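To start, the structure itself, in structure tokens.
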Amino acid sequence: ELKVEQNPLFLSMQEGKNYTIYCNYSTTSDRLYWYRQDPGKSLESLFVLLSNGAVKQEGRLMASLDTKARLSTLHITAAVHDLSATYFCAVVPYGQNFVFGPGTRLSVLP
Amino acid sequence: DGGITQSPKYLFRKEGQNVTLSCEQNLNHDAMYWYRQDPGQGLRLIYYSQIVNDFQKGDIAEGYSVSREKKESFPLTVTSAQKNPTAFYLCASSMIAGANTGELFFGEGSRLTVL
């Protein structure tokens, strides 16, 4: 059975600190997506990673993909309160639909 | 502006009633999807459609029905057979053919509450 796991599921951090969220998946996929969801809102696309070794950065967030290890990371640099949200990763195995991880709920405290 | 429009944003239903959630997109996307999200949970796929007049069940299709009569529209009906319909429903779309990222674009969601 295909599994997408995220670690940690809950993260509380202070402003200004760095942290990494991990996304592991159990089957072959050469594409990985990161989404952000604010409470009560829909999902917003953050990053699209389409190949092994892909790295994308936007502001204080940087995402990377290692398809051989079946691992993606979402690194947060110098966190600010506005980054508080739930972050989902998703993979698309060949011939299948999107499979989402359970989400990581991030809370950045002042 | 191009995007996905869901309506209504909030809906209350009495037990035993069917309700239909609307999803319209003007992105010219081939595929459309319905997801369900329960509080504090991830997304679960209800139905999807890759072409007009064709759709497939997702992981939790029981108690739901859909139609795809137009490329732009993919309404979801929550029937009385769905025993626990209170949830946040998200419609999404994506391109399939051609050089594209395959990214899913989401509507703003519809929150259904059963009274």
Side-chain angles (χ1 to χ4, degrees), chain A residues 1-12 21 23-25 29-51 54 56 58 63 65 67 72 84-107, chain B residues 2-10 21 23 25 27 29-50 55-61 74 86-96 98-113:
Chain A
E1 180 188 350
L2 171 61
K3 288 187 178 180
V4 179
E5 298 177 334
Q6 291 183 232
N7 181 32
L9 297 180
F10 300 92
L11 175 57
S12 181
I21 299 171
C23 173
N24 293 88
Y25 52 99
S29 176
D30 57 3
R31 292 185 284 163
L32 190 136
Y33 304 81
W34 283 97
Y35 289 87
R36 167 182 172 146
Q37 184 178 37
D38 292 305
K41 303 294 186 182
S42 185
L43 274 72
E44 171 191 356
S45 179
L46 288 176
F47 297 108
V48 178
L49 303 170
L50 298 177
S51 61
K56 295 259 182 97
E58 181 73 33
L65 177 61
T67 59
S72 179
S84 296
T86 299
Y87 293 85
F88 292 94
C89 64
V91 297
V92 188
Y94 182 76
Q96 297 187 41
N97 288 309
F98 274 66
V99 180
F100 285 85
T104 295
R105 188 176 301 176
L106 171 65
S107 178
Chain B
I4 302 174
T5 302
Q6 288 187 241
S7 63
K9 288 188 177 180
Y10 300 94
L21 307 181
C23 179
Q25 55 100 358
L27 300 169
H29 283 172
D30 306 301
M32 297 186 74
Y33 309 80
W34 275 105
Y35 288 91
R36 169 180 171 144
Q37 187 178 34
D38 291 287
Q41 303 297 312
L43 278 69
R44 293 186 290 169
L45 182 63
I46 306 173
Y47 267 100
Y48 65 100
S49 168
Q50 296 184 324
F55 48 83
Q56 284 75 41
K57 294 181 179 180
D59 301 318
I60 56 165
F74 192 41
T86 294
F88 188 45
Y89 291 88
L90 287 160
C91 179
S93 69
S94 70
M95 285 294 290
I96 297 178
N100 66 85
T101 65
E103 184 178 359
L104 277 181
F105 293 85
F106 286 88
E108 293 189 351
S110 294
R111 192 168 301 278
L112 172 62
T113 302

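Computed from a predicted model, the values in this text were never measured in an experiment. Below, chains carry the letters A, B, ... as their sequence lines are ordered, and counting in each starts from 1.
Chain B forms more heavy-atom pairs under 4.5 Å with one residue of Phe98(A), Phe100(A), Phe88(A) than with any other, namely Phe98(A).
In this structure, no portion of Val92(A) lies under 4.5 Å from any heavy atom of chain B. Residue Arg44(B): no heavy atom, backbone or side chain, is found under 4.5 Å from chain A. For Leu104(B), the parts lying under 4.5 angstrom from a heavy atom of chain A are both the backbone and the side chain. Heavy-atom distances place the side chain of Gln37(A), and not its backbone, under 4.5 Å from chain B.
There is no side-chain donor-acceptor pair under 3.5 Å between Glu108(B) and Ser42(A).
Aromatic ring centroids of Tyr35(B) and Phe88(B) lie 6.0 Å or more apart.
Between Cys89(A) and Val4(A), the closest heavy-atom pair is SG-CG1, 3.6 Å.
Taking 4.5 Å as the limit, every side-chain heavy atom of Leu46(A) sits out of range of all side-chain heavy atoms of Tyr33(A). Proximity of Phe106(B) to Cys91(B): side-chain heavy atoms (C-beta onward) are nowhere separated by under 4.5 Å.
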